[in-house]
Amino acid sequence: MNIFEHYLKEICGLVKKNKNELKLINFNDFKNITVETPPSNFNFDLSTNISLVLGKLNNLNPKDLSLQIKNILKNNINDFNEIEIAGPGFLNINISDKAITSNIKDIFKENDSYGSLKANKTFNIEFVSANPTGPMHIGHCRGAIFGDVLSNLLIFNGNKVTKEYYVNDYGNQIKNFVKSVYLRIREIKDGEKFIDDKDLYPGEYIIDIAKKILKSKNYKHSSFEKSYDYISKQALKLSMEIIKEDLKKLGITHDKFVSEKSIVQSKILLKAINELKKNDFIFEGYLDPPKGDENKNWKKTKKLIFKSTLFGDDANRALQKDDGSWTYFANDLAYHYDKVSRNYNYLINILGADHTGYINRIKGAVSAISKNKTNLECKVCQLVKLLKKGQPYKMSKRAGEFISVNDLLLEVDKDSIRFMMLNRSNDVELDFDFEKILEKSKENPVYYVQYCHARIQSIFRTINYKPKKDIKINKNFKFNKYEKEIIKKVFEWPKIIKISCSKYEPHRIPFYLYELSTLFHSYWSKGNENENFKFIKDGKISDDKIIIVINLILVVLKNGMKILNVSLPNKM
RNA sequence: GCGCCCUUAGCUCAGUUGGAUAGAGCAUCGGUUUUCUAAACCGAGGGUCGUAGGUUCGAAUCCUUCAGGGCGCGCCA
C-alpha cells in the first residue's frame, strides 16, 4: 500500500481516458509525473506535477490544463475532497477522512510487511571481509553495519539475500600473521623476545592465540617451516572466531564464508582465466612501472594481464606477480567468477574508502566474466573519525593500537553503535563521538526513537490496552491536524523503503524514524499545553482515534527498527 | 599528475532520483512540569546551497570550469 503510487495510477489513468478532451497527444509513459506530499506550508495531502509535465510535452499552458484535470479528478475520484491549483500549475489535493481511514485499514492489514514492495529478486552482498589477522576495529564496523542493514532492508522488501564474507586467508599478510603467532609461541616456550618488525603483528590477541595453540595436544614445537601448516590452520580458525564473535556482538551474521585459499586451490581460477583469455580480455605482456615513484624493486617481466582499461580503469592490471604466482586481483577475479556463476540478479560489494581505486577493475572483471549480464555495484563507506575528548583517535591495525569493536562495546551498547553508524550517508565521513553517543538526550537519536516507543508502551500499560491484530476503525473519525501530520508521515514509509532500496541507502531509515518520533513527541506534548489533548483521562484513553494513531506509529517503528536491528525497549 | 567522495545556517548533517517560500539537531536567546515518562515540548534569530558559466517553465539536485578538504593511485591484501 503506497498511497502516492495508488493515486498516481488513478490520476494518470483518468487523464489518459480523457486525452481527447484534454487535447493530449504525447504521454511518454507518464515519465517524471509524480504524486508527493506538498511542502508543509501548503495545507494539502497530495500534490502532483502532471499538468507541468504533460503541458510541456504537448505544448499546452499548464495552468489551463490543471483546471481541466482538476474537474475530471473532482468528478471521478471520490477519495479527493478539495483540489487547488497552485504555483506554476501544481495540483494540490486533500483526501477525504473516509479515504484516510480506508488507507489506514490497509496498513494495519499489511502490518509487519507494510512498506515492502515484494520485489522478489536475488542479491549477493559481500561485506566486512576483514582480513583474518586480528579483531575487528571501529573502521570495519561501519561497513559491517551498513552491509547488514542493507541486507535486512532488501529482505524486508521481498528479496532473497545472501550475506557473504570473503575470507582473505591467503598471501603475504597471512604469512606474516602466522609468523607473528609463531614468534609469540617461541617467546612463551623458549623465552625468545618478540622482536617487532613493521611487517609483523604485535597485538595482544596474538599472544592469546599463541597460548591457545600451545594448549592443544596436536601442536608439536618445531621450526617455523615445520610448524607452519598447523599453526596457520589453527591461528586462522581462532582469528575468524574472534571476528565472528565481534560480529555477533554487533548483531551481524553472514550466510556464507568463502575462503580465498579454497578459491586459489580449486579449479575456478584457471577456469576463469581461460574463459577470459578466450574472449580476449587477457593478454600476456608487460606493464609499465608504477607512475610517480621510482620503484627499486621493479622488474620488467612477462605476465598475464587483464584489460581493465576496457572498462574505464586507469591501467591494465597484473594477474601474476614477478614470480609467476597469482595476484590478489586474480584471486578476487576468480571469486567473482564464482559469484557470477551462482546467478544472482544483483551483486553488491561494500568497501571501505581505501579501496575506491579497486572498484573499476573488479567491476570490469564482473562485466567481462558475465558478458555484461551481471551488474556489480560497489558501495563505499567513507572513513569513521573517532573522537574522544575532542581529540581524534588514530587507528592502525598494524601498530596494534586500534580501538577494537570489543573495546567499543565495553563502553557503548550495540543499539547505539548501529544507529549512529547509519545516521549518515555512506558517502560522507562520519564523526563517531564517544561522549555524544553516551548522552541520553535528543542529541543521541537512538534514545529519541526508542523513547518514542517506550512512551507508547507506557500509554498502553496505563490504560491496560493489549495490542490486537484487528484494530477497529470508526469510519467517522475526524483526525485533527497533529494526527493528520503523523498519518501523512506514516503514508510516506513505503516511499522511504523504495528509494532506500533502489539507491542502496539505508541511512534514510534512521532519519525517517527520527522525524516520525519528533511528530509523536510533539503530539504527546500537546497535552501539556491543553488538557483536552491529554491522551488519558481517568485511566482510559480520551479518544479512540489516539489508539489508531499510535498503533500506526508502532507499525512503522517496528518495521524500521527491525531493519536496523535496533531494539525497542518497553520501558526506559 | 590522475580517479572517486565531499563542500547546504556558527557547528554536525538531511534534502523524496529536476519542483513551489531549502529543512533537522547542536549551539545562542526566551518560554513550558501541582501532569499520561521533561531522555520531552513550544517560540525566536540564523542561508548568495564552495566559485563561475550552461541546460529549462523551474536547479542544492543535471553538464562544464575553477577553488578547498578527504581517500586512493603495487607485481600488498
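Treat the numbers as computed from the prediction; the structure is a model and nothing was measured. Chain A is the first sequence line, chain B the second, and so forth, proteins listed ahead of strands; every chain is numbered from 1.
- Comment: A:Lys488 does not engage A:Glu485 in a salt bridge, judged by the lack of any side-chain N to carboxylate O separation of less than 4.0 angstrom.
- A sub-4.0 Å separation between OP1 or OP2 of B:A39 and a side-chain N or O of A:Lys571 is absent.
- Using atom C1' as the reference point in both B:U17 and B:G50, the two lie 23 Å apart (nearest Å).
- Across all strands, A:Glu260 comes closer than 4.0 Å only to sugar-phosphate atoms, never to a base (heavy-atom distances).
- RNA chain B is contacted by both A:Ala454 and A:Thr518; A:Ala454 maps to the nucleotide lying nearer its 5′ end (nearest heavy atom per residue).
- Remark: the separation of the C1' atoms in B:G15 and B:U8 is 9 Å, to the nearest Å.
- Heavy atoms of A:Asp427 sit under 4.0 angstrom from primed sugar atoms or phosphate atoms, though from no base atom.
- Residue contacts shown for A:Thr462 are limited to sugar-phosphate atoms, with no base heavy atom under 4.0 Å away.
- Of the P atoms belonging to B:A59 and B:A67, the separation is 27 Å, rounded to the nearest Å.
- For A:Tyr448 and B:C41, the shortest distance from a side-chain N or O to OP1 or OP2 is below 4.0 Å.
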Sub-3.5 Å pairs of nitrogen or oxygen atoms, protein against nucleotides 55-58 of chain B:
none

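- Residue A:Glu529 places its side chain closer to B:C42 than to any other of B:C42, B:A14, B:G19.
- Going from atom CD of A:Gln173 over to atom P of B:C75 covers 15 Å, rounded to whole Å.
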Would you write the dot-bracket representation of RNA chain B, where each base gets (, ), [, ], | or . depending on whether it forms a Watson-Crick or G-U pair under 3.5 Å and with which partner? (((((((..((((.....[...)))).(((((.......))))).....(.(((..]....))).))))))))....
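- Judged by centroid separation below 5.5 Å and plane tilt below 30°, A:Tyr358 does not stack onto the base of B:G72.
- For the residue pair A:Tyr328 and A:Gln173, no side-chain donor N or O sits within less than 3.5 Å of a side-chain acceptor on the partner.
- The six-membered or imidazole ring of A:Tyr482 lies near that of A:Phe533, with a centre-to-centre distance under 6.0 Å.
- Spacing of P atoms, B:U56 relative to B:G47, comes out at 32 Å, to the nearest Å.
- Here A:Asn528 lies in heavy-atom contact (under 4.0 Å) with a base.
- A donor and an acceptor atom, one from each side chain of A:Glu483 and A:Tyr523, are located under 3.5 Å apart.
- Residue A:Gln450 is classed as having no contact, given no heavy-atom separation below 4.0 Å to the nucleic acid.
- Spacing between B:A60 and B:A52 at atom P, rounded to whole Å, works out to 14 Å.
- Applying the 4.0 Å criterion to OP1 and OP2 of B:C75, one finds that A:Trp326 has every side-chain N and O outside that range.
- Using a 4.0 Å cut-off, no side-chain N or O of A:Arg461 falls inside it from OP1 or OP2 of B:C36.
- Here the P atom of nucleotide B:A39 and the OH atom of A:Tyr514 are 15 Å apart, to the nearest Å.
- Note on A:Ala86: a base of the nucleic acid sits closer than 4.0 angstrom, heavy atoms only.
- At a cut-off of 3.5 angstrom, counting only N and O atoms as typed in the model, there is no donor on one side facing an acceptor on the other between the side-chain of A:Lys534 and the base of B:C36.
- Inter-residue side-chain proximity for A:Leu117 and A:Cys501 is flagged as unmet; no heavy-atom pair is nearer than 4.5 Å.
- The interatomic distance linking A:Leu513 (CG) with B:U16 (P) rounds to 18 Å, in whole Å.
- Using a 4.0 Å heavy-atom criterion, one finds that A:Phe90 contacts the bases of the nucleic acid, with or without backbone contacts as well.
- The distance from atom CD of A:Glu5 to atom P of B:U17 is 11 Å, rounded to the nearest whole Å.
- A:Glu505 places its CD atom 10 Å from the P atom of B:C6, with the value rounded to the nearest Å.
- For an aromatic pair to be called close, the ring centres must be under 6.0 Å apart, and A:Tyr448 with A:Tyr514 satisfies this.
- Rounding to whole angstrom units, CD of residue A:Glu515 and P of B:G23 are separated by 13 Å.
- In this entry the distance linking NE2 of A:His507 with C1' of B:A14 reads 7 Å, nearest Å.
- Between B:C75 and B:G10, the distance separating the two P atoms is 47 Å to the nearest Å.
- Among the heavy atoms of the strands lying under 4.0 Å from A:Ile499 are primed sugar atoms or P, OP1, OP2 only; no base atom is included.
- Considering all non-hydrogen atoms of both residues, A:Asp169 and A:Ile174 come closest at C-CG1, 3.5 Å.
- Looking at which nucleotide of RNA chain B each of A:Ser525 and A:Asn316 is closest to, the 5′-most match is held by A:Ser525.
- Residue A:Thr34 places no side-chain N or O under 4.0 Å from the OP1 or OP2 atom of B:G19.
- The base of B:A77 does not come close enough to the side chain of A:Thr327 for any donor and acceptor atom to sit less than 3.5 Å apart.
- The nucleotide whose nearest atom lies closest to any side-chain atom of A:Leu383 is, among B:C75, B:C71, B:C42, B:C71.
- For A:Asn176 and B:A77, a side-chain-to-base donor-acceptor distance below 3.5 Å is absent, hydrogens and geometry of angles not being considered.
- OP1 or OP2 of B:A39 has not a single side-chain nitrogen or oxygen of A:Arg455 nearer than 4.0 Å.
- Neither side chain, A:Tyr358 nor A:Asn349, offers a donor N or O lying under 3.5 Å from an acceptor on the other.
- Side-chain atoms of A:Lys261 and A:Ser259 form no donor-acceptor pair, as typed in the model, at a separation below 3.5 Å.
- Between the CZ atom of A:Arg508 and the C1' atom of B:C13 there is a distance of 14 Å, given to the nearest Å.
- A sub-4.0 Å separation between OP1 or OP2 of B:C4 and a side-chain N or O of A:Thr356 is absent.
- Here A:Ser47 lies in heavy-atom contact (under 4.0 Å) with a base.
- Side chain A:Asp431 to base B:U12: no donor-acceptor pair is found below 3.5 Å.
- In the displayed structure, A:Lys537 atom NZ is contacted under 6.0 Å by more than 12 heavy atoms of other residues, nucleotides or ligands.
- For A:Ile536, the side-chain atoms get nearest to B:C36 when compared with the rest of B:C36, B:C41, B:A20.
- Comparing B:C63 with B:G18, their C1' atoms sit 13 Å apart, to the nearest whole Å.
- Separating the CG atom in A:Asn43 from the CG atom in A:Asn94 is a distance of 6.5 Å, to the nearest 0.5 Å.
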